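Computed from a prediction, not measured in an experiment: that's the story for all the values here. Computed from heavy atoms alone, side chains included, the values below leave out hydrogens, waters and symmetry copies. Numbering of residues begins at 1 and proceeds along the displayed sequence. In listed order, ligands and their atoms are each counted from 1.
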Amino acid sequence: MHILNLYYSATGNTKKVAERIAATSVAEGHTVETVQLKKSTDVQFDVRAYDLIFSGSGVYEWLPGKPVMSAFSAMTKNYREKGLIQQPAQRRRNNRAVTYCTYGGTHTGANEAVPAVKYMGQFFDHLGFEIIGEWYFVGEFHGAFRDFSLRGKLGDISGRPDETDLRHISEMVKGVLKL
Ligand SMILES: Cc1cc2nc3c(=O)[nH]c(=O)nc-3n(C[C@H](O)[C@H](O)[C@H](O)COP(=O)(O)O)c2cc1C
């Protein structure tokens, strides 16, 4: 399969996950193109050109990072202008996506990560993609919010995602590659 590994990572946690997704997919014999979204990414790719997309972000105020929202917004505008956002959204047989996040969950646990994963998923769903996975991975807080990693709703999450998490992620990737 031709895979797009699309992600945004402000403090490195999602980057670790995206790198493991890429390594696992390549080891399984697939072609992977990785795009790390930055503050002002000028989107040059067409998501419909990929069989499978992994789309990930850290969670910020229960949404994906702003660069994700601005890139997805620009892409939506572009596809809408081309008449590709249809009512109802037409299913595309060969386009599938997994949306995932890394999150701290310090206040309400996984609930505060759900909107981020759904936000990304709706972009692909509007284009007719089949969403074959919605994944939530714990990611420690860095920088000024470091303490939030110690006593939030998920307890001590320092060091996550760790090697155990990444091994588990690798297995999940192998699972969806078989679908
Ligand atoms: C400013 C800031 C705001 C955050 N807001 C949330 C939030 O609303 N909900 C949540 O679950 N985690 C929140 N987090 C934790 C991050 O989502 C988590 O550390 C994530 O793994 C960061 O991913 P990244 O390193 O790829 O950017 C926040 C972290 C920071 C630094």
Side-chain angles (χ1 to χ4, degrees), residues 3-26 32-45 47 50 52-76 97-125 131-176:
I3 295 172
L4 176 64
N5 179 32
L6 180 66
Y7 74 97
Y8 169 69
S9 184
T11 65
N13 294 340
T14 312
K15 186 177 173 64
K16 277 193 205 167
V17 175
E19 284 171 353
R20 189 56 64 101
I21 287 171
T24 306
S25 303
V26 168
V32 180
E33 212 170 302
T34 294
V35 174
Q36 179 175 11
L37 292 171
K38 303 271 187 185
K39 270 194 183 112
S40 55
T41 302
D42 187 16
V43 176
Q44 299 287 359
F45 52 84
V47 292
Y50 300 89
L52 176 60
I53 299 180
F54 290 95
S55 176
S57 176
V59 172
Y60 296 93
E61 289 180 354
W62 49 86
L63 284 169
K66 289 202 171 72
V68 176
M69 294 198 281
S70 51
F72 279 37
S73 195
M75 286 192 282
T76 302
V98 172
T99 58
Y100 69 93
C101 70
T102 65
Y103 73 103
T106 199
H107 298 102
T108 64
N111 284 344
E112 59 187 300
V114 170
V117 168
K118 293 287 181 192
Y119 179 98
M120 290 183 279
Q122 272 311 296
F123 166 70
F124 295 110
D125 199 7
I131 310 299
I132 57 170
E134 291 181 326
W135 296 345
Y136 298 86
F137 305 121
V138 173
E140 70 174 331
F141 287 80
H142 295 273
F145 294 91
R146 227 186 162 80
D147 276 4
F148 280 37
S149 293
L150 300 176
R151 47 186 158 269
K153 188 153 187 204
L154 303 181
D156 183 354
I157 60 164
S158 29
R160 311 275 303 273
D162 57 20
E163 192 45 41
T164 305
D165 295 319
L166 294 170
R167 269 202 301 274
H168 181 50
I169 288 162
S170 194
E171 292 307 312
M172 291 171 78
V173 170
K174 285 185 205 164
V176 295

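Distance from atom 17 (O) of ligand 1 to its nearest protein heavy atom, with residue and atom name: Val59 O, 2.6 Å. Atom 12 (N) of ligand 1 has as its closest protein heavy atom Gly104 N, 3.0 Å. Looking from atom 11 (O) of ligand 1 to the surrounding protein, the closest heavy atom is Gly105 N, 2.7 Å. If you check which protein heavy atom lies closest to atom 22 (C) of ligand 1, you get Tyr60 OH, 3.4 Å. For atom 20 (C) of ligand 1, the closest non-hydrogen atom on the protein side is Thr102 OG1, 3.3 Å. Nearest to atom 15 (C) of ligand 1 among the protein's heavy atoms is Phe141 CE2, 3.4 Å.
Shown here for Gly109 and Lys153, the closest heavy-atom pair between the two residues is N-CD, 3.7 Å. When all heavy atoms are compared, the tightest approach of Trp62 to Pro115 is O-CB, 3.2 Å. Taking each heavy atom of Val17 and Pro161 in turn, the nearest pair found is CG2-CG, 4.2 Å.
Counting the atoms of ligand 1 from 1 in the order shown, those under 4.0 Å from a heavy atom of Thr11 are 22 (C), 24 (P), 25 (O), 27 (O). Counting atoms of ligand 1 from 1 in the listed order, those under 4.0 Å from a heavy atom of Glu112 are 7 (C), 8 (O), 9 (N), 10 (C), 11 (O). Against a heavy-atom cut-off of under 4.0 Å, Glu61 is close to the following atoms of ligand 1: 5 (N), 6 (C), 7 (C), 8 (O). Ligand 1 places these atoms under 4.0 Å from at least one heavy atom of Gly139: 18 (C), 19 (O), 21 (O). Heavy-atom contacts of Thr14 reach the following atoms of ligand 1: 23 (O), 24 (P), 26 (O) (cutoff under 4.0 Å). Short contacts between ligand 1 and Ala10, defined as distances under 4.0 Å to a heavy atom of the residue, involve ligand atoms 24 (P), 26 (O), 27 (O).
Within the 4.0 Å heavy-atom criterion, the part of Glu140 lying near ligand 1 is the backbone and not the side chain. Residue contacts with ligand 1, taken as heavy atom pairs separated by less than 4.0 Å, do not involve Ala113 at all. By the criterion of a heavy-atom distance under 4.0 Å, the side chain of Phe145, and not its backbone, is placed next to ligand 1.
The shell of residues lying under 4.0 angstrom from ligand 1, judged by heavy atoms, includes Gly12.
Leu37 is not listed as a side-chain neighbour of Tyr7, based on a closest heavy-atom distance of 4.5 Å or more.
In terms of N/O distances under 3.5 Å, ligand 1 is approached by Ser9. Every N/O-N/O distance between Thr106 and ligand 1 stays at or above 3.5 Å.
Taking a 6.0 Å sphere around CD of Glu61, one finds it holds 12 or fewer heavy atoms contributed by other residues, nucleotides or ligands.
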Please test Glu171 against Lys174 for salt bridge (charged side-chain N to carboxylate O under 4.0 Å, His left out), starting from the C-alpha separation and ending with a verdict.
CA-CA 5 Å; Glu171 292 307 312; Lys174 285 185 205 164; 3.1 Å; yes

Go through Phe145 and Thr11 one step at a time and tell me if the side-chain contact (heavy atoms from CB on, under 4.5 Å) criterion holds.
CA-CA 11 Å; Phe145 294 91; Thr11 65; over 6 Å; no

Where do Val47 and Phe123 land on the side-chain contact (heavy atoms from CB on, under 4.5 Å) test, with the steps shown first?
CA-CA 10 Å; Val47 292; Phe123 166 70; 4.3 Å; yes

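Side chains of Ser57 and Thr14: a donor-acceptor N/O pair is absent below 3.5 angstrom, by distance only. Judged purely by distance below 3.5 Å, without hydrogens or angles, the side chains of Glu134 and Tyr100 never pair a donor atom with an acceptor atom.
The only option from Thr34, Leu52, Ile53, Val32 that meets the side-chain contact (heavy atoms from CB on, under 4.5 Å) definition with Leu4 turns out to be Ile53.
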